[in-house]
Amino acid sequence: MLPAYLPNPVAALLGGGPPVDGGRNFSDGKRILGDGKTFRGLFLGIAAGIGIGLLQIRLSGAYGLENIPVHTFMSVTLLATGALLGDLCKSFFKRRFGKERGAKWPVADQYDLVAGALLLTLVINPSWILAYITLPVFIFILILTPVLHRTVNIIGYYMGVKEVPW
Ligand code: CTP
Ligand code: MG
């Protein structure tokens, strides 16, 4: 799941500049996505996710780790892209519910990346999901994700990268 987990923190670290929605409002008068979703965050985040995935591919087979899921260029690209598309979709709905940028939205804030990454991969590369995201793996992901999310966001907050610790 590293290719899905890395894009968000990298976007937080390196994002900024022009927002994806171009500063425009939706028909409800609120921002389409908000200033927290930038092109730079999107591209550098996805690039980082693909990069770590390619490293995983290079290292697979080493250290006797033959039993872990086998990534392909396709699977790492889909996981990384899906993670940040899920984050974008989350922000779209967050704005529709009138929540400002950075406002807390429990569950959605934690699982947007998982839903985006797994759904995009399921649609475009279903054999990878069916082979590796078994029920126990899926349950493990559901438990691990909020723990990692919270930990990384607290670190980001104290580093001054995140404005809020969630
Ligand atoms: N970020 C970015 N581009 C993205 C995603 C994130 O530049 N596509 C950066 C922004 O600086 C953002 C930070 O990463 O503020 C943290 O991301 P996130 O928590 O997803 O955004 P929020 O600011 O909380 O906005 P939202 O309420 O829409 O989730
Ligand atoms: Mg947020």
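Read the numbers this way: they start at 1 and go in the same order the structure lists the ligands and their atoms. Heads up: numbering here begins at 1 and tracks the sequence.
Taking the ring centre of W166 as origin, the terminal cationic atom of K104 falls inside the region bounded by 6.0 Å and 45° from the ring axis.
You'll find the ring centres of W105 and F93 outside the 6.0 Å limit.
Checking Y5 against T145 by side-chain atom types alone, a donor-acceptor pair falls below 3.5 Å.
Looking at T77, L78, L119 one by one, the single match for side-chain contact (heavy atoms from CB on, under 4.5 Å) with I124 turns out to be L78. Applying side-chain contact (heavy atoms from CB on, under 4.5 Å) to T81 and the options I46, T121, V76 leaves one that passes, I46.
Proximity to R101 (heavy-atom distance under 4.0 Å) selects the following atoms of ligand 1: 10 (C), 11 (O), 12 (C), 15 (O), 23 (O), 25 (O), 27 (O). Ligand 1 places these atoms under 4.0 Å from at least one heavy atom of G16: 7 (O). Taking every heavy atom of S91 and a limit of under 4.0 angstrom, the matching atoms of ligand 1 come to 26 (P), 28 (O), 29 (O). Short contacts between ligand 1 and G15, defined as distances under 4.0 Å to a heavy atom of the residue, involve ligand atoms 7 (O). Close approach to D87 involves these atoms of ligand 1, each under 4.0 Å from a residue heavy atom: 5 (C), 20 (O).
Ligand 1 has at least one atom lying under 4.0 Å from a heavy atom of K90. Distances shorter than 4.0 angstrom occur between a heavy atom of R95 and an atom of ligand 1. Not a single heavy atom of G34 sits closer than 4.0 Å to an atom of ligand 1. In this structure, L42 has a heavy atom closer than 4.0 Å to ligand 1.
How far CZ of R95 is from NZ of K30: 10.5 Å, rounded to the nearest 0.5 Å.
Geometrically, ligand 1 and G102 share a nitrogen or oxygen pair separated by less than 3.5 Å. Of the polar atoms of G36, at least one N or O is found under 3.5 Å from an N or O of ligand 1, judged by distance alone. For ligand 1, the polar-atom distance check finds an N/O of K94 within less than 3.5 Å of one of the ligand's N/O atoms.
Of all the listed residues (L88, T38, L14), T38 holds the heavy atom that lies closest to atom 7 (O) of ligand 1.
Under the 3.5 Å distance criterion, the side-chain polar atoms of H71 are left unmatched by any main-chain donor or acceptor of L54.
Between F92 and F26, the two ring planes are perpendicular [angle over 60°; tilted spans 30° to 60°].
With a heavy-atom cut-off of 4.0 Å, R40 does not touch ligand 1 at all.
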Kindly indicate, with the supporting measurements, whether the criterion salt bridge (charged side-chain N to carboxylate O under 4.0 Å, His left out) is fulfilled by D21 and K37. CA-CA 8 Å; D21 66 9; K37 306 294 126 163; over 6 Å; no

